[in-house]
Amino acid sequence: MGAHVVPESDHLAPFADIPDPRRAQGRRHPLPAALGIAAGAVLCGGRGYKAIAAWAADLSQQARARFRCRYRNGRYEVPSRTRFRDLLISIPPDDLDRALQGWNAQMGVADEGLALDGKTMRNAIDEAGQQTHILGAVGHQSRACHTQQSRHLARRRRR
């Protein structure tokens, strides 16, 4: 087993209070990790289970460690689309809402506002014809980069 990274602040604590609806043998991924990843994906513009799973699959091993993902065979694993779907439809909405409000209160302590900036990279096109788009969120008071995400966008053809 490799070293597990412990985050500076416990960004998953609000999700730990949600009762896990899964049976004991069906708990491959920690509930706070899966919910934290889903929240991060939605905050970065993900809509739907497929987008959440794609965002999770794009996470680096270091990011997966920070989310405290399942560690197996020397790598951190993220839940699949089906796992996200099954989990998210089984969580009572009020429990999830309370957790998200707690997470928002915890993360927003240092900053009254966030600055969002995005750019579509010119001439950064991969083999599939996808352009790279970069989005970042920086806290006004703390000057901390809360998130930075690179996404691929379908290239538009000129007529």
Side-chain angles (χ1 to χ4, degrees), residues 1-18 20-91 96 99-100 102-104 106-111 114-121 123-139 142-154:
M1 288 225 187
H4 293 267
V5 178
V6 177
E8 293 174 16
S9 66
D10 194 358
H11 59 287
L12 300 175
F15 300 113
D17 293 334
I18 295 177
D20 197 329
R22 302 171 293 178
R23 296 178 313 194
Q25 67 266 32
R27 297 180 183 182
R28 289 187 184 156
H29 302 279
L31 180 66
L35 294 177
I37 290 170
V42 170
L43 285 171
C44 287
R47 298 290 178 257
Y49 308 116
K50 187 175 179 180
I52 292 170
W55 190 84
D58 286 344
L59 290 172
S60 68
Q61 285 294 304
Q62 184 179 14
R64 292 175 184 198
R66 286 187 186 133
F67 275 110
R68 297 188 186 127
C69 291
R70 179 182 186 198
Y71 190 78
R72 197 176 104 186
N73 297 329
R75 297 189 55 78
Y76 291 96
E77 297 177 344
V78 294
S80 66
R81 178 181 53 84
T82 304
R83 296 267 178 220
F84 278 117
R85 179 191 168 280
D86 292 347
L87 185 61
L88 290 171
I89 63 174
S90 65
I91 300 289
L96 187 57
L100 290 170
W103 183 84
N104 190 35
Q106 178 184 328
M107 294 297 135
V109 170
D111 294 306
L114 296 176
L116 300 175
D117 186 29
K119 306 243 184 299
T120 300
M121 304 300 291
N123 297 324
I125 300 169
D126 66 10
E127 300 81 30
Q130 304 276 319
Q131 275 189 299
T132 301
H133 182 79
I134 298 173
L135 176 69
V138 178
S142 69
R143 297 183 182 172
C145 182
H146 293 287
T147 186
Q148 188 170 352
Q149 180 68 34
S150 174
R151 301 295 297 161
H152 295 289
L153 303 174

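In terms of heavy atoms, P79 sits closest to A34 at CG-CB, 4.1 Å. Scanning both residues, P14 and G102, for their nearest heavy atoms gives CG-C, 3.9 Å.
If you take CG on L43 and CH2 on W55, they are separated by 8.5 Å, rounding to the nearest 0.5 Å. Within the model, atoms CZ of R28 and CZ of R70 stand 6.0 Å from one another, a figure rounded to the nearest 0.5 Å. With values rounded to the nearest 0.5 angstrom, S80 atom OG is found 8.0 Å from D86 atom CG.
Of the possible polar contacts, one joining the Q61 side chain to the Y76 backbone as a donor-acceptor pair under 3.5 Å is found. R64 places no side-chain N or O within 3.5 Å of a backbone atom of E77 that could act as its donor or acceptor partner. With hydrogens and angles ignored, the 3.5 Å screen pairs no side-chain donor or acceptor of R85 with any backbone N or O of G48.
In summary, the aromatic rings of F84 and Y49 are positioned with their centroids too far apart to meet the 6.0 Å limit.
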Test side chain to side chain contact (heavy atoms under 4.5 Å, CB included) on L12 and R68 and set out the steps. CA-CA 9 Å; L12 300 175; R68 297 188 186 127; 4.3 Å; yes
Please evaluate residues F15 and L100 with respect to the criterion side chain to side chain contact (heavy atoms under 4.5 Å, CB included), reporting the C-alpha separation (whole Å), side-chain torsions for both, the decisive distance (0.1 Å), and the verdict. CA-CA 8 Å; F15 300 113; L100 290 170; 3.8 Å; yes
Any chance you could lay out the side chain to side chain contact (heavy atoms under 4.5 Å, CB included) test for I37 and C69, step after step, and finish with the verdict? CA-CA 9 Å; I37 290 170; C69 291; 3.5 Å; yes
Evaluate R22 against L31 for side chain to side chain contact (heavy atoms under 4.5 Å, CB included), listing each step before the verdict. CA-CA 9 Å; R22 302 171 293 178; L31 180 66; 3.7 Å; yes
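Side chains of D20 and R27 form a contact here, defined as non-hydrogen atoms less than 4.5 Å apart. Proximity of I91 to P21: side-chain heavy atoms (C-beta onward) are separated by under 4.5 Å at one or more points.
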